[in-house]
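Here it is, the structure in full.
On a predicted model such as this, the values are computed, not experimentally measured, just so you know.
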Amino acid sequence: MISTVWTSVALLLSASVSSAAFNPTGNTNLAAYWGQNSYGATHTSDTANWQTNLAHYCQDDVVDIFPLAFLDVFFGIGSLPEINLANTCNDVDDAVFPGSDLANCQFMATDIQTCQAAGKIITLSMGGATGADTFTSESQAEDFADLIWDLFLGGTSSTRPFGDAVLDGIDLDIEGGGTANFAAFVTRIRTLAEGASKPYYITGAPQCPFPDANLDTVLNAVGFDAVYVQFYNNFCEVSNFNVAGDWDFSDWDNWAKTTSPNPDVKVYIGAPASSTAASNGYVDASTLGTILQTTKATYSSFGGAMLWDISQAYANGRYDQAVKTALLGGSSAPTTSVGSTTTTKTTSSSATSTTSVVTNGDCAGVSAWVSTVAYVGGSQVTYNGHLWTANYWSEADVPGGVSGDWADDGVCTTDATLLPAIASSTLIASTTAHISAASVANSVSVQAQPSAASSATALPVFVSSTVSAARSVSIKAQPSVASSAPVSGPAVDSSVASATVIATASSTSVHSRPLVSASATQASITASSLSVSAAVFRPSSNATNATADVNVTETSIGRRSRFFRF
């Protein structure tokens, strides 16, 4: 298993493509789910391009990690789990072990071992869009971990579905039922793997709205090696990469570096491998390549890409090859933040705060352009007395030069508007110094994301009262899970507090992203009260009203179908 020193990136493979061996600390890894014949589910008559045997996809160095999807039933007949690998192996078309519905897929052992010999990691993905099993206690979770260890990993059993093939880890794609006691399950797997002859990896596949509605608790409780974040079927999908406030890889990067029990956890960008692989979020390979390289150059937690799924990728002109090529290109992020956004960690008695420049038209706190720094789209710099914003990735191209990399935002005008992006109530005093001059600015943009122990209302109230005289005000409030607020909930209260005081502004934009427990109905009511504003409220996955974007998963066609979708 993973030793006390974290080996990062679950199920990842090796570093270089030439050796096709996965590198847990690398950032060019490509994971592709296999098992659900997603292309066959959407192209029932094109059988020639349906999913084929696993070894077929291991003949080159493109894909490094294959999670097998899915183990979708935990406690089936005979107290054994069930696996469904669509048209390859399932409990309807194939033999099952006596007294159970656990499919006997031992004919796959050679395929799995062939892929592993090629340097690829093969893991078992648990859950899926239709999986909703839970554990009633820690002891049940630990017993189930023992069973999984014996059936699929380093243990022994007479009912091993893949025979003598030993998988390389577990992937949790939990999209329903919750994750109570899953931490005990993961911890037990790691304990069993201690001293094993090879490493075993734990990965998860959360959806991109942060925090994930199902996996958040377990991700914060135990160390994962990697997370394959599903940046599709949600407002934060890859197709909204350039939409401010939607694309949230930075939230996952911040989680990886400040919250995850494994500080070396790797974050992957999950994307559909074709337009028919997901309901929303598909982008062409060139566009995804640019997104991958931009993210790779910006965030040191970046580990690579994940595709749903390999059958879709092959049918889509080997989409996986183009993605791998993009991963191998471009530059990598340094270990510390660089660029126009100044990142400073300030520790107080109860919180850590990251400060970043949030104003438009103000040059205070914005770094001067440096020719050796790689900037991503949206980065801001000062040059020749002007504020500049990068149109896209740029390095060594002078602002105002012929490359057109930079947009001129005009002459630097007013002083100082640095705000904590994550500010607890104990840091309000330091915030005052940063925004005290903002009330006379022509345009003020405030992004407030209180930390877990902070008050959801304190910062927005303070900020909005300070900038009430501004001609244009933009406030983005994203309360944390544990934040406190009176009345009807942190999501609604923070936006109300922000909006009510700035009613005199001629232009107001309030973006509020409610918590898991927040109600979309409450958010809509609040939005309608802002007569002069363009209010955008995005409820999280468990919101109770479907009027806004929600945490949607790809629906499947029924558990017994041979065609599942992620």
Side-chain angles (χ1 to χ4, degrees), residues 10-11 31-42 51 54 65-76 80-94 101-103 105 108 122-135 144 148 151-152 161-162 167 169-179 182 185-186 202-208 212-215 218-219 224 226-234 268 270-273 276-279 281 306-312 541 551-566:
L11 326 175
Y33 280 81
W34 177 92
Q36 286 306 303
N37 189 23
S38 174
Y39 181 81
T42 55
Q51 170 180 285
L54 180 63
I65 309 150
F66 283 106
L68 307 183
F70 291 108
L71 183 152
D72 60 325
V73 175
F74 290 7
F75 306 106
L80 288 176
E82 299 172 19
I83 56 176
N84 188 315
L85 303 176
N87 63 324
T88 300
C89 186
N90 62 77
D91 62 348
V92 174
D93 301 318
D94 298 275
D101 273 342
L102 178 60
C105 309
M108 287 182 55
I122 313 298
T123 58
L124 179 66
S125 186
M126 298 168 52
T130 62
D133 280 300
T134 59
F135 300 122
F144 190 68
I148 294 299
L151 295 181
F152 300 100
F162 302 127
L167 300 184
I170 295 297
D171 173 65
L172 297 181
D173 176 28
I174 309 303
E175 300 188 28
T179 53
F182 270 76
F185 169 81
V186 172
I202 303 293
T203 57
Q207 296 180 61
C208 59
D212 181 75
N214 291 295
L215 281 172
V218 65
L219 288 174
F224 279 63
V227 287
Y228 308 139
V229 184
Q230 300 178 47
F231 284 100
Y232 48 93
N233 291 340
N234 279 292
Y268 286 53
T276 58
S279 299
M306 174 274 281
L307 298 178
W308 179 265
D309 70 346
I310 193 61
S311 67
Q312 295 274 7
S541 59
N551 195 356
V552 183
T553 62
E554 189 69 40
T555 56
S556 17
I557 306 187
R559 191 178 69 75
R560 292 301 171 201
S561 167
R562 298 167 65 182
F563 314 111
F564 274 21
R565 287 205 274 173
F566 196 38

- Query: Is there side-chain contact between Phe70 and Ser125, with heavy atoms separated by less than 4.5 Å?
  - Reply: yes
- Any chance you could measure Leu54, atom CG, to Thr88, atom OG1, to the nearest 0.5 Å? 8.5 Å
- Item | Spatial distance of atom CG (Leu219) from atom CD1 (Ile202) [nearest 0.5 Å] | 12.0 Å
- Are the side chains of Leu172 and Phe224 in touch, meaning some heavy atoms are under 4.5 Å apart? yes
- Message: Determine whether a donor-acceptor pair (N or O, by modelled atom type, separation under 3.5 Å) exists between the side chain of Gln51 and the backbone of Trp34.
- Response: no
- Item | Between OG on residue Ser311 and CG on residue Asn37, distance to nearest 0.5 Å | 5.0 Å
- Nearest atoms (heavy-atom pairs only) where Asp91 meets Ala103: N-CB, 3.9 Å
- Message: Is the ring pair Phe185/Phe135 parallel, tilted or perpendicular, if the boundaries are 30 and 60 degrees?
- Response: parallel
- Message: Tell me whether Asp133 contacts the main-chain N or O of Phe74 through its side chain, where contact means a donor paired with an acceptor under 3.5 Å.
- Response: yes
- Query: Looking only at heavy atoms, what is the nearest atom pair of Ala205 and Asp171, with distance?
  - Reply: N-OD1, 4.1 Å
- Measure the CD1-CD distance between Ile174 and Gln207 for me, rounded to the nearest 0.5 Å. 12.0 Å
- Message: In the structure I gave you, are the side-chain heavy atoms of Thr42 and Gln312 within less than 4.5 Å of one another anywhere?
- Response: yes
- Query: Is there a donor-acceptor pair closer than 3.5 Å between any side-chain N or O of Thr179 and the backbone N or O of Asn214?
  - Reply: yes
- Ser38 backbone acceptor or donor facing Asp309 side chain under 3.5 Å: yes
- If you take all heavy atoms of Leu102 and Glu82, which pair is closest and at what distance? CD1-CA, 4.2 Å
- Query: Hey, are the side chains of Leu68 and Ile122 touching, using non-hydrogen atoms and a 4.5 Å cut-off?
  - Reply: yes
- Message: Going by side chain to side chain contact (heavy atoms under 4.5 Å, CB included), Leu167 matches just one of Leu124, Leu151, Thr123. Which one?
- Response: Leu124
- Shortest non-hydrogen contact from Gly270 to Tyr232? O-CD2, 3.5 Å
- Task: Check the pair Leu71, Ile148 against side-chain contact (heavy atoms from CB on, under 4.5 Å), reporting the backbone distance first and the verdict last.
- Result: CA-CA 10 Å; Leu71 183 152; Ile148 294 299; 3.8 Å; yes
- Nearest 0.5 Å please: distance from the CZ atom of Phe152 over to the CD1 atom of Ile170. 7.5 Å
- What do the steps show when you test Ile83 against Phe162 for side-chain contact (heavy atoms from CB on, under 4.5 Å), and what is the final call? CA-CA 11 Å; Ile83 56 176; Phe162 302 127; 4.1 Å; yes
- Query: For Met126 and Phe144, what are the C-alpha separation, side-chain angles and deciding distance, and is it a side-chain contact (heavy atoms from CB on, under 4.5 Å)?
  - Reply: CA-CA 12 Å; Met126 298 168 52; Phe144 190 68; 3.6 Å; yes
- Query: Nearest 0.5 Å, what's the OG1-CZ distance between Thr134 and Phe75?
  - Reply: 8.0 Å
- Task: Could you tell me whether the side chains of Gln230 and Asp212 share a donor-acceptor contact shorter than 3.5 Å?
- Result: no
- Task: Might you point out which heavy atoms bring Ile310 and Ala32 nearest each other, and give the distance in Å?
- Result: CD1-CB, 4.0 Å
- Item | Note, Val73 side chain near Asp101 side chain (heavy atom, < 4.5 Å) | no
- Message: If only side-chain N and O atoms count, and only distance matters, is there a donor-acceptor pair under 3.5 Å linking Tyr33 with Asp173?
- Response: no
